[in-house]
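First comes the structure, then the notes that go with it.
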Amino acid sequence: MKPPKLRAKLALFYAAVFTLLLSAVSALFYNLLAYQLDADLHSELRERASALRGYLRFEGGHARLVYDVNDPEEAYFVGNATRFYQVYDVAAGAMIERSPQMEALGFQYTPEEVNELVRGPDFTRLDTDQVDIEFYNCLVHGTEGHPYLLQVGAPLTLRNTTLRQMLQVTLWLIPSGILLALMSGWWMAGRVLRPLEVLSATVREMSIAQLHRRLPLSGTGDELDQLAKTFNDMFGRLEKAVEQMKDFTANISHELRTPLTALRGEAEVTLARARTESDYRTVLESQLEEFAKLSKMIDQMLTLARAEAGQIKIARERVNLSSLAESLVDQMEPLASIREISLTADHAGEVSVIGDSGWLERVILNLLDNAIKFTPQGGHVTLRVSRFSGEAVLEVRDDGIGIDAEALSHIFERFYRGDPSRSKELDGAGLGLSLAEWIVQAHHGRISVDSLPRKGTMFRVSIPLAPASFSPANTPRQAQQRD
Ligand code: ADP
């Protein structure tokens with residue numbers, strides 16, 4: 001976004017709307033004023049004409065105004081009303097009476113015009129070089145019903161001047177209004193865009209090291225506040241993700257450094273003096289074990305990193321958890337019997353889910369491995385597969401050392417290992433359950449744990465059951481990437 005461009009656009013838009021409105025309102029006022037002035041003039045002329053009719057007398061082809069000249073009010077009215085007045089004999093089409101002002105104008109209608117005026121409109125306008133006059137035309141009848149045309153007029157000077165002045169004011173008002181609208185639009189757009197500029201400047205300045213910074217909120221809850229809040233939420237999420245990444249890196253370094261230091265120390269001590277071949281063999285064999293643990297850990301880390309980067313695809317095929325569980329229990333049986341632990345499987349017939357057998361195998365192996373690892377001699381580990389409300393439920397139960405409440409909330413975190421004293425003896429980088437949780441979630445399932453210290457632990461995995469209609473032929477198996 002380039003603020004000046006947007007600012008100019010907003011200001012122009014505002015000015016255009018304002019100009020349109022101002023022009024429309026001015027035109028409306030002008031027409032209303034003209035209409036009102038004309039209406040006032042017309043009613044005035046009607047009143048004058050109807051009063052004059054009362055004073056008019058027709059005798060011998062002449063018209064005369066009969067009124068009390070000693071009555072100042074009457075004399076004033078008649079004098080005023082007859083400034084522009086004339087009477088025509090309709091039958092002859094001849095003018096029989098007019099005021100001196102009309103005479104001075106030297107204007108007279110032809111008989112045809114007189115007839116037209118009798119039939120035509122009530123009001124006519126006469127524009128002369130000296131003055132513009134509005135006339136009211138009315139038919140009056142003399143003795144024996146003889147028709148006469150009475151014309152009472154009034155000058156339009158005041159009306160025209162008023163309208164001209166109004167027009168002049170409007171012509172000044174509109175450009176000034178446009179200028180004012182442009183200026184105020186520019187100012188207003190600047191004010192509106194200012195917080196956006198601040199926002200974009202702050203966002204521009206932000207770097208990974210400054211993710212703790214937050215945009216200021218005005219507290220009004222308006223759209224800009226909402227935008228700033230959205231950005232702040234995003235910074236919060238980014239900050240958390242970066243923190244997790246930092247932790248992960250720190251943990252990786254730590255996890256790798258400790259065994260490497262131990263291996264190096266061991267090699268140095270061994271090389272410090274001459275050894276027998278069997279001594280070397282013993283050291284190398286122990287180191288080989290350490291290397292195996294290290295490569296398992298690196299393998300798990302890589303898998304987790306790729307999983308979180310979305311690089312691992314989960315195949316969609318029908319997997320029968322019961323037969324998978326059975327075969328994995330067979331596979332783990334030798335390990336369990338070495339530790340004198342009874343390992344049994346129990347299932348409720350075919351329980352199928354849609355997913356990736358390879359990844360599901362990894363979850364079950366991890367849970368069985370942990371159960372055997374954390375169960376003392378003579379203990380029991382059971383794997384149960386059942387169905388419950390549309391889900392396949394897989395439970396791995398042991399009567400081993402259990403997990404205390406504090407550790408329970410952390411066991412799915414990366415690199416978390418329970419009691420360090422016992423972890424020393426037992427291998428594992430604390431990544432197995434994080435990976436298991438990711439795999440279960442990738443199968444739209446949940447993994448949970450129940451445990452009591454010294455009583456035992458139970459891990460439960462629930463994954464939606466495969467629909468009866470599911471056929472792998474309809475859903476081609478996706479490319480599968482595994483380490
Ligand atoms: P690791 O590979 O080190 O076992 P996991 O992520 O699989 O890592 O497990 C994390 C921690 O959870 C273990 O160090 C252990 O303390 C605890 N844990 C997991 N399973 C069990 C279990 N069945 N009984 C007791 N503790 C367990």
Side-chain angles (χ1 to χ4, degrees), residues 244 247-248 251-252 254-259 262 289-305 307-308 325 328-329 332-333 335-336 338-345 359-384 393-442 445-461 483:
Q244 277 176 355
D247 282 356
F248 194 43
N251 281 328
I252 289 175
H254 177 76
E255 294 295 331
L256 291 177
R257 203 174 51 196
T258 315
E289 255 176 55
E290 284 299 317
F291 284 131
K293 279 187 216 168
L294 266 177
S295 67
K296 183 185 166 200
M297 185 167 82
I298 292 172
D299 162 74
Q300 283 183 321
M301 280 183 206
L302 273 175
T303 312
L304 254 180
E308 281 177 4
L328 293 178
V329 162
M332 295 297 276
E333 177 54 41
L335 183 68
I338 292 172
R339 293 172 157 263
E340 292 177 28
I341 291 169
S342 101
L343 176 60
T344 46
W359 287 111
L360 290 170
E361 191 179 300
R362 206 159 167 162
V363 174
I364 301 173
L365 280 178
N366 185 266
L367 296 179
L368 286 178
D369 188 49
N370 277 348
I372 296 170
K373 231 165 38 178
F374 297 107
T375 302
Q377 265 187 355
H380 302 84
V381 174
T382 21
L383 198 166
R384 217 172 151 252
V393 180
L394 186 140
E395 288 168 348
V396 177
R397 192 188 290 265
D398 66 58
D399 51 4
I401 60 170
I403 308 167
D404 62 55
E406 152 61 17
L408 212 53
S409 52
H410 296 290
I411 56 165
F412 290 103
E413 287 172 14
R414 283 177 298 199
F415 296 109
Y416 183 83
R417 278 167 299 194
D419 184 354
S421 62
R422 55 181 206 191
S423 305
K424 242 182 236 165
E425 306 152 27
L426 306 161
D427 62 338
L431 291 171
L433 285 179
S434 315
L435 194 59
E437 187 182 37
W438 178 84
I439 297 169
V440 172
Q441 283 173 354
R446 301 180 310 278
I447 182 165
S448 60
V449 58
D450 272 330
S451 185
L452 276 178
R454 290 181 301 283
K455 291 270 182 252
T457 307
M458 190 197 54
F459 280 92
R460 178 183 285 120
V461 173
D483 310 86

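In each ligand, atom 1 is the first atom listed, and ligand 1 is the first ligand listed. For the numbers below, each heavy atom of this structure counts, side chains included, while hydrogens, waters and symmetry mates do not.
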Do you know which two heavy atoms are closest between Leu433 and Leu367, and how far apart they sit? CD2-CD2, 3.9 Å

From [X] [atom1] over to [Y] [atom2], what is the distance, rounded to the nearest 0.5 angstrom?
X	Y	atom1	atom2	answer
Arg417	Leu431	CZ	CG	8.5 Å
Glu290	Ser295	CD	OG	11.0 Å
Leu343	Asp398	CG	CG	11.0 Å
Arg397	Thr457	CZ	OG1	10.5 Å

For the residue pair Phe412 and Phe459, does the interplanar ring angle fall in the parallel (under 30°), tilted (30 to 60°) or perpendicular (over 60°) class? perpendicular

With heavy-atom distances below 4.0 Å as the criterion, list the atoms of ligand 1 near [X].
X	result
Gly430	1 (P), 2 (O), 3 (O), 6 (O), 8 (O)
Ala371	23 (N)
Gly402	25 (C)
Lys373	1 (P), 2 (O), 4 (O)
Asp398	22 (C), 23 (N)
Tyr416	10 (C), 11 (C)

Run the salt bridge (charged side-chain N to carboxylate O under 4.0 Å, His left out) test against Arg460 and tell me which residues pass, sequence neighbours left out.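 Arg460: salt bridge (charged side-chain N to carboxylate O under 4.0 Å, His left out) contacts with Glu395.
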
Is the shortest side-chain N to carboxylate O distance from Arg362 to Asp299 below 4.0 Å?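 Here Arg362 pairs with Asp299 in a salt bridge, since their nearest N and O are under 4.0 Å apart.
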
Evaluate [X] for polar contact with ligand 1, using N/O atom pairs at a separation under 3.5 Å.
X	result
Phe459	no
Asn370	yes
Ile401	no
Arg417	no

If the contact criterion is a heavy-atom separation under 4.0 Å, does Gln300 count as touching ligand 1? no

Heavy-atom gap Gly400 to ligand 1 smaller than 4.0 Å: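 Outside the 4.0 Å threshold, so no.
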
Ligand 1 versus [X]: contacting region, heavy-atom distance under 4.0 Å:
X	value
Asp369	neither
Asn366	side chain
Leu433	both

Run the side-chain donor-acceptor check on residues 402-411: report pairs under 3.5 Å with partners two or more places apart or on a different chain.
from: Asp404; atom 1: OD1; to: Glu406; atom 2: N; distance (Å): 3.3
from: Asp404; atom 1: OD1; to: Ala407; atom 2: N; distance (Å): 2.9
from: Ser409; atom 1: OG; to: Glu406; atom 2: O; distance (Å): 3.0
from: His410; atom 1: ND1; to: Glu413; atom 2: OE1; distance (Å): 3.4
from: His410; atom 1: ND1; to: Glu413; atom 2: OE2; distance (Å): 3.0

Has the side chain of Thr375 got a donor or acceptor atom that lies under 3.5 Å from a matching backbone atom of Ile372? no

